[in-house]
2 protein chains.
Amino acid sequence: MTSQSYTKSTSRSLPIALLRARETVMAPVRDMLQNIPMTEQKWRILRVLDELGEVEQSTIAHEACLLLPSLTRILRTMEADGQITRRQDNHDKRCTKVKITDEGRGILEENLLASLVISSNIEAQLGREKLDHLLNLLEELQAVKI
Amino acid sequence: MTSQSYTKSTSRSLPIALLRARETVMAPVRDMLQNIPMTEQKWRILRVLDELGEVEQSTIAHEACLLLPSLTRILRTMEADGQITRRQDNHDKRCTKVKITDEGRGILEENLLASLVISSNIEAQLGREKLDHLLNLLEELQAVKI
DNA sequence: CTCATTTTGTTAACATGTTTACTAATTCGA
DNA sequence: TCGAATTAGTAAACATGTTAACAAAATGAG
C-alpha cells in the first residue's frame, strides 16, 4: 500500500476476495457448461429446483442469487426448452410455481460426474478440512445481519 | 437431499456458497455506491488503480475480475467522467496505460469512511479471527491450479 | 530478415444484471 | 367491508457479462 492508497489491499477486501475466489472455482465449471450448452445461471436454477422441488419464482431468485427480472427472462427460455414447467398457484394466484422436468434432471444427471470431478479436484488441492472450514465460514457469513 | 436430487446441497457447493456470501456482503456496499453514483465495477477499478498505480488494461481486467470487452466500455465512460486517464505505452504500442486521476482518488477518499464502517460491521459480527481466517482461505483458494 | 504466431485491445451481438415503473392479487387495519 | 399498503411477477431501458471475430503490434522460429 502506497501513501497514495486510501483503501486496504484488495486481496484483504472481502467482496473482492470472494469474487476472485469464485472466478477461480468457476473456471472449470464454465468449461463444463459450455459443452452442454448451458449458462451458469440456468445451471444454478436447475440445481435449486432439483433440491427444493416445486417452488415459486421468488424462492428461486433468492436461492440462486438472481433478480426477478432476470429470472423472468431466463425461465421463459428454459420453459421453451422443456427444462422446467410453470403453473399458476391455486391458492395465491399471484404466484407461479416452477418445477424441474425430466429433461432438466437429465441435464443434471449427465453432468454429475464432471461436476464431481471438479469438486474433488478442488478438495484434493485445498484439503478436505480447509474446504469444510471454508464452507462453514461462508454459511456463517450469510447469516450476518446487515 | 431427496432421492430425486442428483447433486449435493447447494449450500455446500463452493461456487454457490461464494456467490451467496458475496451477495450478503455486497448489499450495504451497493447502498453506499448508489449515493455516489457509481457501479460495483467502477468502484473495483478505482480500488485496483489506487493500489497498483499506472497499469495496462489486461492487469486491471485480471485484478478487478472483468473481461476486456466490458473494461473497454467502462473505461471509456470513466475517462469521459475524468476519473481515469489513458495513454499509449511508449515501448509496446499495443498497450494502453491507465491511471487514476485526482478526481477518481477523491471518490475513494469521500467514501473511505462509509467503506470502513461496512467492513467493521462485518468484522464485529463475524469476529476478527474468523474474518482473517476466511480471507486466508480465500487467498489459498485463488492459488489452486485448475 | 520474414512470416506464422502470440499478445493487446476493440467491436458487434446477444444474454444477463439492475433499476424503475407497472399490473394483478392479496393482506390488513379502520 | 373498504381502501391503503404489501407482495409476486412482468416490461422496458440501459449497463455489464460473454463469446466470436477482428486489427494492430510484438515475438519467435526458420
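Owing to the predicted nature of the structure, the values given are computational and were not obtained by experimental measurement.
The separation between B:Asp92 atom CG and D:dA26 atom P is 5 Å, rounded to whole Å. Rounded to whole Å, the distance from CZ on B:Arg30 to P on C:dG17 is 11 Å. Atom pair B:Leu68:CG and D:dC22:P shows a separation of 19 Å (rounding to whole Å applied). Taking atom CD of B:Gln34 as the reference point, atom C1' of C:dT20 lies 11 Å away to the nearest angstrom. The NZ atom of A:Lys93 sits 13 Å away from the P atom of C:dT27 (whole-angstrom rounding). Counting to the nearest Å, the P atom of C:dT18 and the CD atom of B:Glu40 are 6 Å from each other. Distance A:His62 NE2 to D:dG9 C1': 17 Å, rounded to the nearest Å. Look at NZ on B:Lys97: it is 11 Å from P on C:dT8, rounded to the nearest Å.
Looking at residues 72-89 of chain A, you'll see A:Thr72, A:Arg73, A:Arg76, A:Arg86 sit with a heavy atom under 4.0 Å from some atom of DNA chain D.
The residues A:Arg47 and A:Glu51 are annotated as not salt-bridged, no charged nitrogen and carboxylate oxygen being separated by less than 4.0 angstrom. In summary, B:Arg94 and B:Glu56 do not engage in a salt bridge, as defined by a charged side-chain N under 4.0 Å from a carboxylate O.
Where B:Leu71 and A:Cys95 meet DNA chain D, the nucleotide closest to each residue was compared, and A:Cys95 sits on the side nearer the 5' end. Place B:Pro69 and A:Gln41 on DNA chain C by their nearest nucleotides, and B:Pro69 ends up nearer the 5' end.
Residue contacts shown for A:Lys42 are limited to sugar-phosphate atoms, with no base heavy atom under 4.0 Å away. Using a 4.0 Å heavy-atom criterion, one finds that A:Leu66 contacts the sugar-phosphate atoms exclusively. Backbone-only contact: B:Ser58 has heavy atoms under 4.0 Å from sugar-phosphate atoms and none from a base. Within 4.0 Å of B:Thr96, counting heavy atoms only, lie sugar-phosphate atoms of the nucleic acid but no base atom.
Residues satisfying the side chain to side chain donor-acceptor pair (under 3.5 Å) test with A:Ser58, not counting sequence neighbours, are none. In this view, B:His62 satisfies the ring-ring contact (aromatic ring centres under 6.0 Å, His included) rule with no residue, not counting sequence neighbours.
Of the N and O atoms on the side chains of A:Thr10 and A:Arg20, at least one donor lies less than 3.5 Å from an acceptor on the other residue.
In the set D:dT10, D:dA26, C:dT8, C:dT8 carries the atom at the smallest distance from any side-chain atom of B:Glu56. The side chain of B:Gln57 approaches C:dG9 more closely than any other nucleotide in the set D:dA8, D:dT18, C:dG9.
Side chains of A:Glu140 and A:Val144 form no contact here, defined as non-hydrogen atoms less than 4.5 Å apart.
OP1 or OP2 of C:dT16 sits under 4.0 Å from a side-chain N or O of A:Thr39.
Within the 3.5 Å criterion, the main-chain N or O of B:Pro15 finds a donor-acceptor partner in the side chain of A:Arg22.
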